[in-house]
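Working notes, beginning with the structure itself.
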Amino acid sequence: MSVLDVTVFPHDFAWGAATAAYQIEGGWDVDGRGPSVWDTFCHAKGGVFEDHTGDVACNSYQLWEEDLKCIQQLGLTHYRLSISWSRLLPDGTTNHVNPKGVAYYNKVIDDLIACNVKPMITLYHMDLPQALQDLGGWSSTEIADIFESYARFCFKTFGDRVKLWITLNEPYVCAKLGHEDGTFAPGIKDPGISVYLAGHNMLRAHTKAWHTYNTHFRPLQAGQVSLALNSDWAEPSDPGCPKDAAATERYKDFTLGWFACPVFCTGDYPESMRARIESRSLDLGYKQGSRLPRFSKDEPSPLGTADFFALNYYTSRKVIDLNGGSKKSELSFVGDQGAEGVVDPSWPICGVHWLAVVPDGLRKLLKYIKDAYTSLPVYITENGFSQMGPVQIEDADRCRFYQDTLQEVGKAVSQDGVNVKGYFAWSLLDNFEWSHGYSVRFGLFHVDFSTPELKRTSYRSGREYAAVISKHRSQT
Ligand code: PNW
């Protein structure tokens with residue numbers, strides 16, 4: 001990656017890679033871990049490519065030290081990992097703490113710090129304890145307080161060493177794929193209803209956890225807490241068409257704004273969501289009150305509950321207006337949105353079908369976040385490129401992708417004045433890619449899933465990322 005000008009990145013820039021517990025840990029039923037919704041979803045069969053499961057995954061529960069070697073080989077300054085809630089608290093509540101779970105994460109955190117790598121910890125990355133799903137999961141009101149207790153436990157146990165926290169990863173994906181489309185655990189298909197309830201309770205849970213940290217832990221621990229929001233960059237399919245332009249604004253509101261507006265702007269959902277969901281509920285004869293819940297005056301507001309902006313960016317979309325189409329009369333999230341995102345035929349697709357490679361979309365999105373939402377520092381908490389089919393250790397396309405993307409991030413910093421504090425590649429390792437199982441590889445390190453050793457081997461992109469990091473660290 002010789003052409004990349006690394007001097008544009010601030011001297012304390014966080015160079016990271018990210019993973020998530022269910023996608024790498026394995027050890028699903030050992031040492032007192034309770035099941036999560038993804039264990040149930042995978043074991044039920046039919047929802048995941050060739051019925052793959054995370055039972056073993058990269059076996060990072062036992063092979064953590066191999067992961068640490070990869071982290072050191074890359075020269076990362078930061079590593080983003082998630083805690084398996086049900087490994088720590090097998091039934092999801094602090095009534096039962098699993099000491100082996102506590103010991104595992106203590107070791108990971110201590111090892112990272114001993115190697116001068118700062119941990120960024122995600123409390124929830126799609127893997128709700130099954131015991132809590134049995135109580136209604138994210139659709140139940142009580143989940144927010146249960147999450148707050150879990151977060152408090154983690155802050156108390158690990159917060160002396162962990163200074164960067166993400167409460168929830170991608171509430172959009174968890175709510176939409178898990179409760180509307182049913183393609184992610186817990187596999188609920190309840191179009192147009194559960195999606196908003198789940199999203200709402202996630203925001204309530206995040207809000208409570210942030211306040212707990214702010215009041216009880218920040219004074220002593222001095223860390224920062226946010227939630228990781230995913231968003232595509234979106235532009236009108238036909239830039240001259242006012243309907244497409246309006247649809248694009250709705251698309252952004254329903255994706256990023258759904259969570260960013262309550263936290264960074266107004267304390268409530270975007271106006272467009274309120275208006276659309278309410279009027280469509282009336283039109284479609286839905287009588288059980290608003291499908292988009294209201295924030296109660298008796299609870300703290302989500303407004304101001306993030307200390308930085310955490311962005312997961314993968315791809316971009318061209319948006320077409322859907323108001324005249326078949327979705328008009330359908331009770332669904334996409335019908336409410338009245339917009340559909342499509343892939344521009346000129347964009348290359350990498351691996352998974354939804355992942356069009358559009359590095360400059362990240363620069364545009366960063367500028368949009370600064371202009372529309374907040375001037376708080378931004379961490380890009382996920383961004384990556386997938387491979388399908390035959391393994392290519394010499395992954396020239398992925399190398400080009402990281403080079404182009406980091407160049408765009410550099411422009412956002414130097415030309416657009418966006419305060420980008422760090423970049424986390426998704427992912428450190430090839431891992432369990434949710435409904436695609438192991439058929440899609442996002443790693444900087446290849447994992448050989450065909451042998452029990454699960455050997456990690458650096459892709460060329462891993463070596464090039466290491467070179468960028470080392471160059472930046474030697475120049476600044
Ligand atoms: C993110 N989609 O999820 C997650 O945070 C990671 O766990 C995941 O491995 C990564 O992106 C790559 O997919 C997404 O279907 C999962 O649009 C699915 C989608 C988007 C993001």
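Predicted model only: the values in this text are computed from it and were never measured. As the structure lists them, so they are numbered: ligands from 1, and atoms in each ligand from 1.
- If you look at L177 next to ligand 1, the close heavy atoms, those under 4.0 Å, all belong to the side chain.
- For atom 13 (O) of ligand 1, the nearest non-hydrogen atom of the protein is E433 OE2, 2.6 Å.
- Distances shorter than 4.0 angstrom do not occur between any heavy atom of N431 and any atom of ligand 1.
- Relative orientation of the W434 and F184 rings is tilted, given thresholds of 30° and 60° on the angle between their planes.
- For atom 2 (N) of ligand 1, the candidate residues are W354, W426, F442; the nearest heavy-atom contact is made by W354.
- Residue-ligand proximity, H125 to ligand 1, at heavy-atom distances under 4.0 Å covers atoms 4 (C), 5 (O), 6 (C), 7 (O).
- The part of N169 lying near ligand 1 is the side chain, judged by heavy-atom distances below 4.0 Å.
- The side-chain tip of R317 does not point at the ring of Y251 from less than 6.0 angstrom away and within 45° of straight on.
- Listed by number with element, the atoms of ligand 1 under 4.0 Å from a non-hydrogen atom of F184 are 16 (C), 18 (C).
- Ion pairing of R204 with E148 is absent here, as no side-chain N (NZ or NE/NH1/NH2) approaches a carboxylate O to less than 4.0 Å.
- Applying the salt bridge (Lys or Arg N to Asp or Glu O under 4.0 Å) test to K118 and every residue at least two apart in sequence or in another chain returns nothing.
- Of all heavy-atom pairs spanning I146 and G92, the tightest one is CG2-O, 3.7 Å.
- The protein atom (non-hydrogen) at minimum distance from atom 3 (O) of ligand 1 is E170 OE1, 3.0 Å.
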* To do: Could you walk me through whether S84 and Y105 pass the side-chain hydrogen bond (donor to acceptor under 3.5 Å, both in side chains) test, one step at a time?
  => CA-CA 10 Å; S84 160; Y105 294 110; 4.5 Å; no
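- The protein heavy atom nearest to atom 10 (C) of ligand 1 is Y314 OH, 3.2 Å.
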